[in-house]
Amino acid sequence: MPGSEDLPQGADPNKASVARMYDAMLGGQHNFAIDREALAAFTAIDPQVRTLARANRAFLGRAVRFLVEAGVRQFIDLGSGIPTQGNVHEVAQAAGPGSRVVYVDNDPVAVAHSASLLADNPDADIVDADIRRPADILSSEPVRKLIDFEQPVAVLMITILHFVSPEENPAGIVAAFRDALPEESWLALTHATNQDRPDTAAAVGQLYRSRASSPVTARSHGEILGLFDGFDLVEPGLVHVPLWRPDPEDRIPDNPSEYWVYAGVGRKRS
């Protein structure tokens, strides 16, 4: 990572960041020692955390390809994080040339690296914004420029809503985006659960509260399912992340509940 004098404005090397921790989980280089220390503590709680992160990333790729096959050519990726292999615009534009992607994040490192990566891509851009303020995102210049709300749009909320507390109304956030979307639009979502491994979820929540900039609120299957209000889930419904339409070469775990993240894709109800 660059020296502190080269850091994007607002980046704090003394507090672990969700985006930088996820980058570290995936083997990226855009993270600080504090992020790697937090990841080590995370790994002590759940030794397969890197495997879980890779499974979540693999779901993102499968979901984007599914959505392109369903006719979607516009994506809003909320809480997109630091660019790594298999970014949404790479997957979408390979499967559907001309696909347009708007990334959204408020981590300074994620925003800076995304802006650099996308500088020469006219069909993708980054918005520096917080998903808790949907109106700011929907009215932003990149969204107004790249997203046509007369055509289907896919909103991606991949491992982001468990960083939204109950008081911050995650269902209301989803509803704000849903209500802005035209018919035939989609929501793809993954979310940590406290249902299968409550002790692990509680320990992870405590770790994020003590070390990171965003605490975690893991939720039950029913609570996560409720976030799809107004959407019809496609098969196989809301399932553990490696079970959502795996590719033939994907390894299916013997105990899927060890992957304590649920995944689902839904189509906006007419």
Side-chain angles (χ1 to χ4, degrees), residues 7-12 17-20 22-23 30 60 63-64 67-68 72-84 86-93 96 98-165 168-191 213-214 227 230-231 265-266 268:
L7 296 180
Q9 185 176 2
D12 184 357
S17 148
V18 168
R20 299 193 313 259
Y22 192 56
D23 177 69
H30 304 300
L60 174 61
V64 170
L67 291 163
V68 170
V72 177
R73 295 296 184 271
Q74 304 183 107
F75 297 83
I76 301 175
D77 185 2
L78 301 170
S80 51
I82 295 169
T84 188
N87 296 301
V88 171
H89 73 279
E90 295 170 337
V91 176
Q93 291 172 358
S99 293
R100 300 184 299 281
V101 178
V102 175
Y103 295 103
V104 179
D105 211 296
N106 65 348
D107 180 275
V109 176
V111 172
H113 283 283
S114 297
S116 177
L117 177 69
L118 302 173
D120 297 323
N121 190 323
D123 291 324
D125 206 345
I126 177 76
V127 176
D128 182 356
D130 192 315
I131 72 159
R132 297 169 183 84
R133 296 191 293 276
D136 292 352
I137 296 167
L138 293 167
S139 64
S140 68
E141 182 179 353
V143 168
R144 288 187 286 107
K145 177 182 176 183
L146 292 177
I147 304 299
D148 176 6
F149 285 93
E150 298 297 319
Q151 301 295 325
V153 180
V155 171
L156 311 177
M157 297 186 175
I158 308 301
T159 56
I160 185 63
L161 286 175
H162 49 237
F163 297 112
V164 177
S165 70
E168 292 167 326
N169 191 13
I173 292 170
V174 177
F177 285 101
R178 179 200 65 211
D179 292 348
L181 296 176
E183 293 186 5
E184 312 299 320
S185 290
W186 297 80
L187 170 67
L189 180 154
T190 65
H191 195 299
S213 55
S214 300
L227 297 172
F231 294 89
V265 176
K268 183 174 178 177

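On a predicted model such as this, the values are computed, not experimentally measured, just so you know. The figures here come from the full heavy-atom set of this structure, side chains too, leaving out hydrogens, waters and symmetry mates.
- The 12-atom threshold is not exceeded at CG of D120, counting heavy atoms of other residues, nucleotides or ligands nearer than 6.0 Å.
- The minimum heavy-atom distance between V91 and G86, with the atom names listed, is CG2-O, 3.8 Å.
- Residues T159 and F163 come closest through the heavy atom pair O-CE1, 3.4 Å.
- Put simply, the side chain of N87 never gets that close to the backbone of E90: no donor and acceptor are under 3.5 Å apart.
- The two residues F231 and G266 come nearest to each other via the heavy atoms CD2-O, 3.6 Å.
- Distance alone, capped at 3.5 Å, is enough to place a donor-acceptor pair between the S185 side chain and the V153 backbone.
- The backbone N or O of S99 lies less than 3.5 Å from a partner atom in the side chain of Q93, making a donor-acceptor pair.
- With a 4.5 Å cut-off on side-chain heavy atoms, L118 and P83 do not count as touching.
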- Query: Between L67 and L156, is a side-chain contact (heavy atoms from CB on, under 4.5 Å) present by the stated rule, with each step listed?
  - Reply: CA-CA 11 Å; L67 291 163; L156 311 177; 4.1 Å; yes

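- Checked by atom type and distance alone, the side chain of D105 pairs as donor or acceptor with a backbone atom of G81 at under 3.5 Å.
- Across R73 and V68, no two heavy atoms sit closer than the pair NH1-O, 2.9 Å.
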- Message: Apply side-chain contact (heavy atoms from CB on, under 4.5 Å) to residues E183 and K268 and explain how you reach the verdict.
- Response: CA-CA 6 Å; E183 293 186 5; K268 183 174 178 177; 5.7 Å; no

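- Residues R178 and L187 fail the side-chain proximity criterion, which asks for heavy atoms closer than 4.5 Å.
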- Item | Steps toward side-chain contact (heavy atoms from CB on, under 4.5 Å) verdict (V265, W186) | CA-CA 7 Å; V265 176; W186 297 80; 3.7 Å; yes

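- Between T190 atom OG1 and H162 atom NE2 the span is 6.5 Å, to the nearest 0.5 Å.
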Distance-only check: which donor-acceptor pairs under 3.5 Å involve side-chain atoms of residues 139-150, not counting sequence neighbours?
| from | atom 1 | to | atom 2 | distance (Å) |
| --- | --- | --- | --- | --- |
| S139 | OG | A135 | O | 2.8 |
| S139 | OG | D136 | O | 3.4 |
| S140 | OG | I137 | O | 2.7 |
| R144 | NE | S139 | O | 2.8 |
| D148 | OD1 | E150 | N | 2.9 |

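- How far CG of D130 is from CG of N106: 4.5 Å, rounded to the nearest 0.5 Å.
- Relative ring orientation between H30 and H113 is described as tilted, the plane-to-plane angle lying within the 30° to 60° band.
- Aromatic ring centres of H89 and Y103 lie closer together than 6.0 Å.
- Looking at heavy atoms from C-beta onward, L189 lies in side-chain contact with H191 at the 4.5 angstrom threshold.
- Taking 4.5 Å as the limit, some side-chain heavy atom of L181 sits within range of a side-chain heavy atom of V155.
- A heavy-atom distance below 4.5 Å is not found between the side chains of V102 and D77.
- When all heavy atoms of I173 and E168 are compared, the pair lying nearest together is CD1-O, 3.8 Å.
- One distance of note links CD1 of I158 with CG of L60; it measures 5.5 Å at 0.5 Å rounding.
- The two residues L161 and I131 come nearest to each other via the heavy atoms CD2-CD1, 4.0 Å.
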